Amino acid sequence: MKDDVPNLKDFDRRLRDEAHEDLADLVTEEPTKKTQIIAIYGKGGIGKSFTLANLSHMMAEQGKRVLLIGCDPKSDTTSLLFGGKACPTIIETSTKKGLSGEPVKIGDVCFKRGGVFAMELGGPEVGRGCGGRGIIHGFELLEKLGFHDWDFDYVLLDFLGDVVCGGFGLPIARDMAQKVILVGSNDLQSLYVANNVCSAVEYFRKLGGNVGVAGLVINKDDGSGEAAAFAEAAGVPVLASIPADDDLRKKSANYQIVGTDKSPWGSLFAGLADAVSVAPPIRPVPLDQDGLLGLFDGSDTGAGVTLEPATDEDMRGKNAKPRESLEVIYDDA
C-alpha cells in the first residue's frame, strides 16, 4: 500500500527544475512547432512595414501559409501589401459592430493578397485613448475569433518599437511569440529602440519568459557598419541587409511589392525568408548607454562633453538674493 503513494516531493522538484529552464537557450536547431509567431520591432519609419509586407509576400510565394497582423496604430503594414488601400481595422470594426449589436466576422477584418492573409489591429483616435490598450483589446477579439485554432506556418506581428508601454510589449511579456526580429539602420535612434527591445526581452527572461531575439534586419544600409556592430555587441545575427537604394525607396513610396520572384530584389527577400524560418531565439546582451554611443563616432554623439552642475543661483537668475538660513545655531555652553 505504501508503494502506491506517489513521491510528491520528487514531482515538485522536477516541476521546479523545468520551470527554471531557459528554453530559448536550449534551442539548437530549426523550431519544430508548426506555427511560428514572430514579432517584428523597430523605430517608427525605419521600414518595418516595408520589410514585413515584402517578407510575407515572399513566404507565401514559397508555399507558406502566412498571417500578417499590423499592430501599429498607423496601420501602414497592410497599406503597402494592398497597394496603398487601407483595410478596416479590428478596433474600428469592433466599435461599429458593437454599437449596432452585430458580431465581428473574419471577413470584416481579414483580407488576402498574393496568398498572404492580413489584418490591422488599429488604435484609438488621436488623444482619445491608449494605443497599448488598443493592442490588448485587439488580441482579446482575435482570441474570440478563434486565433488559437487557425492553421498558419507563420504569424508575423508588426509592432511599434518606440513605445515601451505594456500593450506594445505584449508578445514579449506574455510569451505570445517565440521570437523577435529587430529592424534597424545605421543611425543612433533606431539602434536605441532596438537596444530597448533587447532590454525588454532580457527583463522578461529573468522573470521566466522564453522569447528570444532571432536577429536584426538592417534597412537602408549605407555600409557605415554601426548596425552590424550593434548586432555583434548584442550577440544577435544579422538576418539581412537591405541597401539604401533609390529604386527600393521609390517602389516603397508607390506601394509596390518587391518581395517576389518577379522583382530583381526577390532573391534578397527569399534569403531573408529562409533566415527567418530557421533562426533560433537568442538571449540578447543589451548595451548600456555608453556602449551604444561607443558604436558611433564621437563627433556625432557629443563625446567629450562634461556635465557642469547647476547651482541654486543659476536657477533663480535675477531673483538670486541671499536668503536667511533656517538653521538653528546654539550658543556654546
Side-chain angles (χ1 to χ4, degrees), residues 38-61 65-96 104 106-126 128-129 131-132 134-135 137-139 141-142 145 152 154-163 167-168 171 181 183-185 190 193 217 219-220 242 244-260 262-263 265-266 268-269 272-273 276:
I38 305 172
I40 286 79
Y41 282 91
K43 173 182 174 295
I46 201 59
K48 300 185 308 301
S49 299
F50 164 79
T51 301
L52 271 186
N54 287 289
L55 172 61
S56 61
H57 194 276
M58 175 54 71
M59 284 180 160
E61 274 195 9
R65 283 178 54 82
V66 183
L67 173 62
L68 174 61
I69 303 179
C71 308
D72 187 325
K74 297 194 300 295
S75 298
D76 50 356
T77 307
T78 54
S79 294
L80 202 156
L81 181 65
F82 296 132
K85 185 174 181 60
C87 66
T89 70
I90 290 176
I91 299 297
E92 66 177 340
T93 302
S94 174
T95 301
K96 291 178 181 178
V104 177
I106 289 294
D108 297 325
V109 295
C110 189
F111 306 89
K112 301 180 289 183
R113 183 191 179 192
V116 181
F117 295 79
M119 59 180 71
E120 285 281 357
L121 291 188
E125 294 185 47
V126 177
R128 301 188 187 181
I135 297 298
H137 172 72
F139 274 103
L141 182 57
L142 287 182
L145 290 173
F152 289 98
Y154 296 94
V155 176
L156 304 178
L157 310 174
D158 179 6
F159 270 90
L160 178 66
D162 304 72
V163 184
F168 291 97
I181 291 175
V183 179
S185 189
S190 74
V193 169
V217 175
N219 192 34
K220 305 174 185 176
I242 303 173
D245 189 278
D246 198 49
D247 180 56
L248 284 175
R249 182 189 63 79
K250 289 178 179 178
K251 284 183 167 56
S252 177
N254 291 319
Y255 301 102
Q256 296 181 35
I257 291 293
V258 297
T260 170
K262 300 174 184 177
S263 165
W265 301 102
L268 173 62
F269 285 93
L272 175 59
V276 166

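Values in this document were obtained by computation on a predicted structure and should not be read as measured data.
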Side-chain ([X]) to main-chain ([Y]) donor-acceptor, under 3.5 angstrom:
{"X": "Glu120", "Y": "Thr78", "answer": "yes"}
{"X": "Asn54", "Y": "Gly259", "answer": "yes"}
{"X": "Ser56", "Y": "Leu52", "answer": "yes"}

Can you pull out every side-chain hydrogen bond (donor to acceptor under 3.5 Å, both in side chains) where at least one residue sits in residues 81-91? Sequence neighbours excluded, please. none
side-chain contact (heavy atoms from CB on, under 4.5 Å) against Ala273, all qualifying residues, sequence neighbours excluded: Leu55, Met58, Met59, Gln62
[X] and [Y]: which non-hydrogen atoms are nearest, and at how many Å?
{"X": "Ser185", "Y": "Ile46", "answer": "CB-CD1, 3.5 Å"}
{"X": "Gly47", "Y": "Asn219", "answer": "CA-ND2, 3.5 Å"}
{"X": "Lys48", "Y": "Lys43", "answer": "NZ-O, 3.7 Å"}

Mind checking what makes ring-ring contact (aromatic ring centres under 6.0 Å, His included) contact with Phe152, not counting sequence neighbours? Phe117
Which distance, rounded to the nearest 0.5 Å, do you find between the [atom1] of [X] and the [atom2] of [Y]?
{"X": "Phe111", "Y": "Leu81", "atom1": "CZ", "atom2": "CG", "answer": "12.0 Å"}
{"X": "Glu61", "Y": "Thr260", "atom1": "CD", "atom2": "OG1", "answer": "3.5 Å"}
{"X": "Ile181", "Y": "Phe159", "atom1": "CD1", "atom2": "CZ", "answer": "14.0 Å"}

Residues at least two apart in sequence or cross-chain that pass side-chain hydrogen bond (donor to acceptor under 3.5 Å, both in side chains) with Ser79, listed by chain then number, are none
Quick one: salt bridge (charged side-chain N to carboxylate O under 4.0 Å, His left out) partners of Lys250, sequence neighbours excluded? Asp246
Asp247: partners by salt bridge (charged side-chain N to carboxylate O under 4.0 Å, His left out), with sequence neighbours left out: Lys251
Hey, what's the ring geometry for Phe269 with Phe50, parallel, tilted or perpendicular (30° and 60° as the breaks)? perpendicular
